There are 2 protein chains.
Amino acid sequence: MADSPKRQARRRKIPEATVSRLPIYLRSLLEAAGDGLPTISSERLAELSGFNAAKVRKDLSYLGSYGTRGVGYDVEYLQFQMSRELGLTKDWHVVIAGVGNLGHALANYGGFSERGFPVAALVDADPEVVGTEINGIVVRHIDELPAVVAEEDISIGIIATPASAAQEVADRMIDAGIRSILNFAPTILTVPPDVSLRKVDLAVELQILSFYQQRRSGDGDGSASSESAGSGRGG
Amino acid sequence: MADSPKRQARRRKIPEATVSRLPIYLRSLLEAAGDGLPTISSERLAELSGFNAAKVRKDLSYLGSYGTRGVGYDVEYLQFQMSRELGLTKDWHVVIAGVGNLGHALANYGGFSERGFPVAALVDADPEVVGTEINGIVVRHIDELPAVVAEEDISIGIIATPASAAQEVADRMIDAGIRSILNFAPTILTVPPDVSLRKVDLAVELQILSFYQQRRSGDGDGSASSESAGSGRGG
DNA sequence: TTCCGCTTGTTCACGTGCTCACAAGCACGG
DNA sequence: CCGTGCTTGTGAGCACGTGAACAAGCGGAA
Ligand SMILES: NC(=O)c1ccc[n+]([C@@H]2O[C@H](COP(=O)([O-])OP(=O)(O)OC[C@H]3O[C@@H](n4cnc5c(N)ncnc54)[C@H](O)[C@@H]3O)[C@@H](O)[C@H]2O)c1
Ligand SMILES: NC(=O)c1ccc[n+]([C@@H]2O[C@H](COP(=O)([O-])OP(=O)(O)OC[C@H]3O[C@@H](n4cnc5c(N)ncnc54)[C@H](O)[C@@H]3O)[C@@H](O)[C@H]2O)c1
């Protein structure tokens, strides 16, 4: 604990809540950079990202003291530091499992490559789908997943299969060496502790919305987490 | 405050964190009902939903005392109470704005209707898209939004337009009377306090995954919120 | 050089959410 | 009718996240 007097700041533990806000800050910085601003204050960054200034400053302080008192943060430098912290200095290759409705849309989406997450492979179990080409990528059979992961240097897996197949697909991904999974199937997946799992569940989001809407119609109370603060336009 | 001695339990305030878990519990109950179980213990429900039993019990206690000590919760009855609380006793009609890649996939997806959120209308700004039919629904022009909302009794809006148009589309939705919005565009929206706003941002999810993956490769620490507890299969 | 205004970084107090632990209470068997 | 076993419902302590407030510190003006 008391090794060296002042040197405990290396590799700070960043709170989970903060981590989930970093990408938003980064996007806001990109916007500020686009406007040609050399520096940005926590106040302005708060406006752009939809949080409050105190939270912004506290979050940024976990990355280090990259601001200048009386001036603000150097946009470009902060962008760099944040990208580094988020691991965005390299591309992360993504495989999408399940090339149906949703898988198609994701494969065609250009926004991933732009942000450093190129879709490098597609896999499916349906022989009719395997072999077809989407956005320049030929769909491979899911049995080939280990080979695909090795060949394409895949590190992130996206599950866009029906819920019934999701756990099996996740297991296969993990067997193939993937340690980060994003799941779109509406089901609970079980993964070992060394695997990161995040989920996107649209039905859940809609149900949360309906809860608050019903409450609002019943008595008086809104708010459904998320942003909504600030004023004017947001970005 | 002290109006009647024991009657403060009416219309309990349910914590936000609990609300976001209710849809998961509901889905787990559906599964249990499918297996023909008449009752379910908090322990089992915890397994199915990926949380721990204490949290399950506390969450359910906000809805009321619907369990039976020594036995568990009546699956059907709890399902009913939870649906009622979430406002799922009626259908909520949804409009999707922006019928591109993603909008198409969402419009074709059957899972929404199944869960009580039928897609009742589609709107877009592109004259080439307006008039086309998807999944039995003719795409209308976004200028007609107020009429569409009235005609189709829309209460939830989904934004699947490019980020640059998202704020304007949100404003139009709100003008048209919509009070619940789900945003897929990677941008911060500003809405009045009486409007619920939730967002789904895939790039953010991927960046969070890359943060933890990079950390894991650097020193030793995993975990990216979400589920991952329990053992065996999860659903 | 010195002073002043501005913004950061941090501290502190508070609220929310989570986990543990256990008494209360129900069903069932004897 | 009563005891036993099991599961709920909840109270207390703790961890985490949030927001306000302010001293520290930098840049620019005079
Ligand atoms: N389409 C949407 O807009 C949408 C919205 C929300 C959630 N989802 C969820 O996303 C998932 C996919 O939805 P969809 O509409 O694309 O479904 P889909 O049926 O159109 O596509 C599923 C694809 O997965 C493939 N597949 C099935 N089993 C597989 C396996 N074991 N390994 C690999 N591939 C397999 C199928 O061949 C098919 O191509 C579902 O879980 C759905 O609930 C979809
Ligand atoms: N496609 C994906 O898989 C995916 C994934 C993550 C996020 N997103 C986000 O979802 C949004 C849509 O993505 P996409 O790939 O479907 O884009 P897209 O360009 O294919 O479709 C956008 C649609 O919105 C319409 N539109 C544009 N301005 C409009 C306006 N003012 N009012 C109504 N409609 C308007 C366009 O005509 C087009 O049909 C984007 O913000 C994107 O970043 C998409």
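None of the values given here were measured: they were computed from a predicted structure. Lettering of chains follows the sequences in order, A, B, ..., and the numbering in each one begins at 1.
Taking 4.0 angstrom as the limit, Asn52(B) places a side-chain polar atom (N or O) nearer than this to OP1 or OP2 of dT19(C). Between Ser41(A) and dT7(C) there is no side-chain N or O to OP1 or OP2 distance below 4.0 Å.
Look at Arg215(B) and Glu85(A) and you find a salt bridge, because one of the NZ, NE, NH1 or NH2 atoms lies within 4.0 Å of a carboxylate O, short of that distance. A salt bridge between Glu31(A) and Arg27(A) is absent, with no side-chain N of the basic residue lying under 4.0 Å from a carboxylate O of the acidic one.
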Check nucleotides 10-15 of chain C against the protein and report each pair of N or O atoms closer than 3.5 Å, with its distance, or say if there are none.
unit_1	atom_1	unit_2	atom_2	d
dC12(C)	N4	Lys58(A)	NZ	3.3

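Sequence order on DNA chain D of the closest nucleotides to Gly64(B) and Thr18(A) puts Gly64(B) first from the 5' end.
Nearest heavy atoms, Arg84(B) versus Tyr66(B): NH2-OH, 3.7 Å. Smallest separation of non-hydrogen atoms from Ala46(B) and Asn52(B): CB-C, 3.7 Å. Across all non-hydrogen atoms, the minimal contact from Val204(A) to Pro23(B) is CG2-CB, 3.9 Å.
Atom P of nucleotide dT8(C) and atom CD of Glu43(A) are separated by 8 Å, given to the nearest angstrom. What separates CG of Asp74(B) from C1' of dA27(C) is a distance of 15 Å, to the nearest Å. For the pair Leu60(B) CG and dC18(C) C1', the interatomic distance rounds to 15 Å; values are reported in whole Å.
At the heavy-atom level, Tyr66(B) lies under 4.0 Å from the strands shown only through sugar-phosphate atoms.
Under the 4.5 Å side-chain criterion, counting only non-hydrogen atoms from C-beta, Arg57(A) is in contact with Tyr73(A).
Side-chain N or O atoms of Glu76(B) include none that pairs as donor or acceptor with a backbone N or O of Ala33(B) at under 3.5 Å.
Here the range on DNA chain D touched by chain B, meaning any atom under 4.0 Å from one of its heavy atoms, is dC6(D) to dA12(D).
Between the CD atom in Gln79(A) and the CG atom in Leu26(A) there is a gap of 6.0 Å [rounded to 0.5 Å].
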